[in-house]
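Read through the structure below, which is laid out as structure tokens, and then see the notes.
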Amino acid sequence: MTVSLTLDNVSAHYGSTQVLEDLSLHVAEGELISLLGSSGCGKTTTLRLVAGFLQPTAGTIRLGDRDLTRLPAHARNIGLVFQTYALFPHLTVRDNVAFGLKQRGMGRKERDRRADEMIARVGLDALADRHPANLSGGQRQRVALARALVIEPPLLMFDEPLSNLDAKLRVDMRVEIRRLQQANGTTAVYVTHDQEEAFSISDRVAIMNAGRIMQLDTPEVLYSKPANAFVADFVGFENMIPMRVVAEAGDAVRAEMEGGATMDLPRGTFDVPGRDFILAARPEGLLVAPEGSAPGIPAKLGLRTYLGRAYQYQCDTPAGSVMANGPLSAPFDAGAAVTLVPQPDQCCLLPVEA
Amino acid sequence: MQNKTHPLLIAFAVLVFFFLLGPLVIIIGSALSETSYLTFPPQGLTLHWFENIFEISAFRRTMATSFMLAVGGTALSMLIGIPAAYALARYRVEIPRFLGNVYVLPILIPEIVLGFSLMKSLATGLGLPITLSLLVGHALLVLPYCVRVVGASLNNFDFSIEEAAVSLGCTRAKAFFTVVLPNIQAGIIAGFILAFITSLNDVSVSIFLTGPGVSTLPIQLLAHMEQFFDPTIASVSVLLMLVTVAVMAIVERTLGLTFLTK
């Protein structure tokens with residue numbers, strides 16, 4: 001049973017503080033969407049609204065053709081995995097996993113059989129009779145995963161499920177989560193503040209800030225074509241250079257940056273979003289080249305650091321300090337005058353926000 | 001020389017034990033004496049005075065009342081205390097702090113003041129029957145132990161466990177009984193025992209609330225002492241002590257005494 005999840009214009013408040021503002025989100029059948037953002041951005045609030053632990057002050061939440069908005073939490077049939085695992089300390093692994101089936105009125109024999117089957121799928125066959133206190137963090141999260149999956153929920157939700165695990169285990173577990181989610185074709189919402197985690201396992205990622213979704217897209221698009229300055233900054237576009245169009249000459253646009261330097265941007269390779277815009281680039285998106293060798297930003301080099309794959313330079317430009325990379329084959333010395341050439345596939349031009 | 005304990009320290013420790021345990025030893029000794037007056041060291045050994053407790057009907061009656069109050073009052077207090085402790089822990093952010101402290105008031109207020117005010121409100125004010133006002137009074141007296149000890153368990157409880165149960169199909173109420181209660185069981189037992197002992201040994205509150213025909217064991221003990229000065233008093237004291245020690249021993253064996261000091 002795969003269904004889609006739809007949030008329409010959902011708002012939420014804590015007291016008089018608005019924590020979600022008119023949020024709309026559609027998670028397609030069998031899709032895994034991550035809600036990514038720093039703490040307080042509204043990602044956990046969104047998850048708790050869908051789970052039914054919070055009530056929205058406006059908007060509707062639908063799962064398939066069921067309206068969840070006013071449905072009590074226990075009737076929503078959603079599999080939840082918590083950051084703290086939230087296993088029942090007084091029950092064995094088997095009884096933890098079988099708990100949801102018991103609530104559905106299934107007989108002991110059948111629910112133990114299904115629980116054991118699910119415990120085997122997460123690789124804990126040998127530990128079914130243990131209590132949670134005698135398990136490691138990774139094992140506990142596997143139990144939590146099995147407990148959420150065994151009720152065959154149409155929707156799975158994860159609330160920072162890997163934050164309490166060490167780095168190596170995090171990678172193993174997220175692969176495991178993705179594998180099980182895809183094998184069951186379950187629609188899933190995954191809340192995290194870890195960009196790598198979100199990007200690695202999601203079909204799409206919603207980057208959130210201050211109760212709103214800033215951009216919802218595939219990890220590939222988010223990484224290379226952020227839609228706004230917030231997302232660009234979030235995914236590592238360290239350099240943001242404000243520019244203004246001063247002339248349009250044939251197949252190029254001439255833009256001026258702060259400090260008066262100009263640069264020609266060929267049409268077709270660069271899509272200028274308006275008169276005022278921001279040139280956003282990661283350090284590798286600005287190539288350090290000999291002065292005047294190509295259109296670009298004039299700069300004077302400062303400190304050089306070695307990254308293994310390239311040299312990175314701290315550069316003084318008329319528009320301020322930026323970070324840019326240069327090839328290993330041609331190192332420049334501090335103080336050299338150079339041109340920083342924007343690489344079209346690794347830069348993006350963003351509209352200036354009001 | 002380094003490892004040798006200073007003789008003064010040893011003397012000090014002996015004195016502490018002497019003054020702590022001495023009176024208890026004297027009471028136990030007196031209770032066993034064959035004489036018809038309190039004396040120590042005991043002259044001869046007999047359990048007669050223990051039998052005497054059960055032969056005097058006033059002791060039998062008040063003992064029953066005391067146990068009924070200790071069990072009933074504590075149970076009543078738990079009925080209020082567990083939900084209160086739950087709400088205070090679950091909605092820590094939303095509930096103002098002072099509301100939690102209200103539940104400790106019966107410990108902070110001098111017991112004699114508590115007893116007097118309970119008499120004014122329950123017995124003379126509301127005109128409740130003696131047994132009922134004793135029950136309510138004892139429930140109030142032990143409420144702080146219930147709320148505090150159960151609360152200590154709940155503060156260590158991860159409420160996402162409750163949410164997990166709800167997400168798996170339990171109603172809030174059912175989740176409370178199936179996953180919250182079993183995990184704060186130790187706190188409930190410990191709170192119950194502390195409250196039970198407090199109620200059983202209480203004098204200050206009971207003395208205001210007892211009346212014609214209804215009394216508690218410690219109060220009866222006081223009354224008995226005014227008329228007789230025989231070892232029965234000592235044997236009742238020993239009995240109360242034994243119950244307390246037995247209950248403490250059960251706690252120690254099941255939960256560990258450190259649980260009570262948490």
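Since the structure is predicted, the reported quantities are computational estimates derived from the model, not experimental observations. Numbers restart at 1 for each chain; the letters A, B, ... are given by sequence-line order, proteins then strands.
- The part of A:Ile78 that comes within reach of chain B is its backbone (N, CA, C, O), which places non-hydrogen atoms under 4.5 angstrom from that chain.
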message: Is there a side chain to side chain contact (heavy atoms under 4.5 Å, CB included) between B:Val166 and A:Phe53? Walk through the geometry before answering.
response: CA-CA 9 Å; B:Val166 170; A:Phe53 300 140; 4.0 Å; yes

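- In this structure, chain B has heavy atoms under 4.5 Å from both the backbone and the side chain of A:Ala73.
- Nearest heavy-atom pair, B:Cys170 versus A:His74, reported as atom, atom and distance to 0.1 Å: O-CB, 2.8 Å.
- Contacts between A:Pro89 and chain B at a heavy-atom distance below 4.5 Å involve backbone atoms as well as side-chain atoms.
- Contact tally against chain B (heavy-atom pairs below 4.5 Å) for A:Asp159, A:Val81, A:Thr84, A:Val150: the top residue is A:Thr84.
- Shortest non-hydrogen contact noted between B:Val179 and A:His90 is CA-CE1, 3.9 Å.
- One distance of note links OG of B:Ser167 with CZ of A:Arg76; it measures 12.0 Å at 0.5 Å rounding.
- In A:Arg94, the CZ atom is crowded: over 12 heavy atoms of neighbouring residues, nucleotides or ligands sit closer than 6.0 Å.
- A heavy-atom distance below 4.5 Å is not found between the side chains of A:Phe82 and B:Asp158.
- Taking both residues in full, the closest heavy atoms of A:Ala86 and B:Ala164 are given as O-CB, 3.8 Å, listed atom of the first, atom of the second, then distance.
- If you measure heavy-atom distances from A:Leu87 to chain B, the contacts under 4.5 Å come from the backbone alone.
- Scanning all heavy atoms of the two residues, the minimum distance from A:Phe99 to B:Leu168 falls at CD2-CD1, 3.8 Å.
- No more than 12 heavy atoms of other residues, nucleotides or ligands shown are found within 6.0 angstrom of CZ on B:Phe116.
- If you measure heavy-atom distances from B:Ala165 to chain A, the contacts under 4.5 Å come from both the backbone and the side chain.
- Contacts of A:Arg147 with chain B are made by both backbone and side-chain atoms, with heavy-atom separations under 4.5 Å.
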